[in-house]
Visitor: 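My questions all concern the structure below.
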Amino acid sequence: MTSAFEPLLKKSWIKPGTHIACMGTDTKGKQEVDPELLVAATVFTDETEQSVTIGEAQHAVANGSLSASDITPIGEVINATHPGRRSDDEITLFDGTGVGLQDLAVASAAAELAIAQNKADWTEL
């Protein structure tokens with residue numbers, strides 16, 4: 001989660017089977033991940049158009065090594081129309097572009113799970 005404008009993760013550093021979650025402020029020119037890593041990975045996102053225009057995929061799309069059709073909306077995995085990870089060696093990458101409703105749904109599910117497992121901590125503000 002950075003606002004970097006140059007790659008902080010290189011493809012050569014990533015071992016087979018790694019999952020990378022890219023989150024943070026999306027903006028034109030932002031870049032945390034080497035475009036070659038996106039090409040080598042199976043890429044998922046919450047919002048494809050945002051991923052390819054101001055998200056982590058923008059540089060790989062701009063140089064022609066990746067297209068929007070190479071990116072799977074995470075909803076397809078949730079709805080079981082895409083298998084998600086297909087092998088133990090597959091590199092997967094999630095470009096979370098910050099779709100607020102999805103963020104709230106994930107936070108709600110995490111809170112419910114923490115409460116159910118008696119791991120929640122309550123704070124008054």
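Keep in mind that the numbers below use all heavy atoms, side chains included, and drop hydrogens, waters and symmetry copies.
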Visitor: Taking C-beta and beyond as the side chain, do Val61 and Ser67 meet within less than 4.5 Å on heavy atoms?
Guide: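 When only atoms from C-beta onward are counted, Ser67 and Val61 do not touch, as no gap falls below 4.5 Å.
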Visitor: With the side chain counted from C-beta on, respond yes when Glu32 and Glu6 share a heavy-atom pair under 4.5 Å apart, and no when they do not.
Guide: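 Heavy-atom side-chain distance check fails, nothing below 4.5 Å.
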Visitor: Do the side-chain N and O atoms of Asp95 and Ser51 include a donor-acceptor pair separated by under 3.5 angstrom?
Guide: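 Result is yes, a qualifying pair exists.
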Visitor: Taking all atoms of both residues into account, what is the closest heavy-atom pair of Thr72 and Glu76, and its distance?
Guide: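 Shortest heavy-atom separation between Thr72 and Glu76 comes out as CG2-OE1, 3.7 Å.
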Visitor: Taking all atoms of both residues into account, what is the closest heavy-atom pair of Ala60 and Leu38, and its distance?
Guide: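 That would be CB-CB, 4.4 Å.
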Visitor: Would you give the length of the straight line joining atom OG1 of Thr45 to atom CD of Gln50, rounded to the nearest 0.5 angstrom?
Guide: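 These two atoms lie 8.0 Å from each other.
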Visitor: Taking atom types as modelled and ignoring hydrogens, do the side chains of Asn63 and Ser65 form a donor-acceptor contact shorter than 3.5 angstrom?
Guide: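 Short answer, yes.
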Visitor: Rounded to the nearest 0.5 Å, what separation is found between the CG atom of Asp34 and the NZ atom of Lys10?
Guide: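 Atom-to-atom, Asp34:CG and Lys10:NZ are 5.5 Å apart.
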Visitor: Please find the pair of heavy atoms, one from Gly84 and one from Glu90, that lie closest to each other, and give the distance.
Guide: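 That closest heavy-atom pairing would be O-OE1, 4.0 Å.
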Visitor: Would you confirm whether Asp70, through its side chain, and Leu66, through its main-chain N or O, come within 3.5 Å as a donor-acceptor pair?
Guide: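 Judged by distance alone, no pair lies under 3.5 Å.
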Visitor: Below 4.5 Å, heavy atoms only, C-beta onward: do Phe5 and Thr27 meet side chain to side chain?
Guide: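 Of all side-chain heavy-atom pairs linking Thr27 with Phe5, at least one is under 4.5 Å.
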Visitor: Under 4.5 Å between any side-chain heavy atoms of Asp46 and Phe94, yes or no?
Guide: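 Yes, at least one pair of side-chain atoms sits under 4.5 Å.
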Visitor: What closest approach, in Å, do Lys28 and Ile54 show between heavy atoms, and which atom pair accounts for it?
Guide: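 In terms of heavy atoms, the two residues are closest at N-CG2, 3.8 Å.
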Visitor: Evaluate the side-chain proximity of Gln58 to Thr53: yes if any heavy-atom separation is below 4.5 Å, no if none is.
Guide: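 In short, these two side chains do not touch, never coming nearer than 4.5 Å.
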Visitor: Any chance you could lay out the side-chain contact (heavy atoms from CB on, under 4.5 Å) test for Phe44 and Ile71, step after step, and finish with the verdict?
Guide: CA-CA 6 Å; Phe44 302 91; Ile71 301 171; over 6 Å; no
Visitor: Can you find a side-chain donor-acceptor pair between Thr97 and Glu47 that sits under 3.5 Å?
Guide: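 There is no such pair (donor and acceptor under 3.5 Å, judged by atom type) between the side chains of Thr97 and Glu47.
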Visitor: Could you check whether atom CG of Asp88 has more than 12 heavy atoms from other residues, nucleotides or ligands sitting under 6.0 Å from it?
Guide: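 Check fails, neighbour count at 12 or below.
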Visitor: Within the structure provided, determine whether Ile115 and Trp122 are in side-chain contact (heavy-atom separation under 4.5 Å).
Guide: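 Touching, per the 4.5 Å side-chain cut-off.
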Visitor: Side chains of Ile20 and Ile14: does their closest heavy-atom pair fall under 4.5 Å?
Guide: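 A side-chain contact under 4.5 Å exists here.
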Visitor: How close do Ala41 and Leu93 get, counting heavy atoms only, and between which atoms?
Guide: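 Smallest interatomic distance, heavy atoms only, reads CB-CB, 4.1 Å.
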Visitor: Answer yes or no: is there an ion pair linking Glu56 with Lys30, defined by an N-O contact shorter than 4.0 Å?
Guide: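 The answer is yes: the pair qualifies as a salt bridge.
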Visitor: How close do His59 and Pro35 get, heavy atom to heavy atom, and via which atoms?
Guide: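 His59 and Pro35 have their closest heavy atoms at CB-CG, 3.9 Å.
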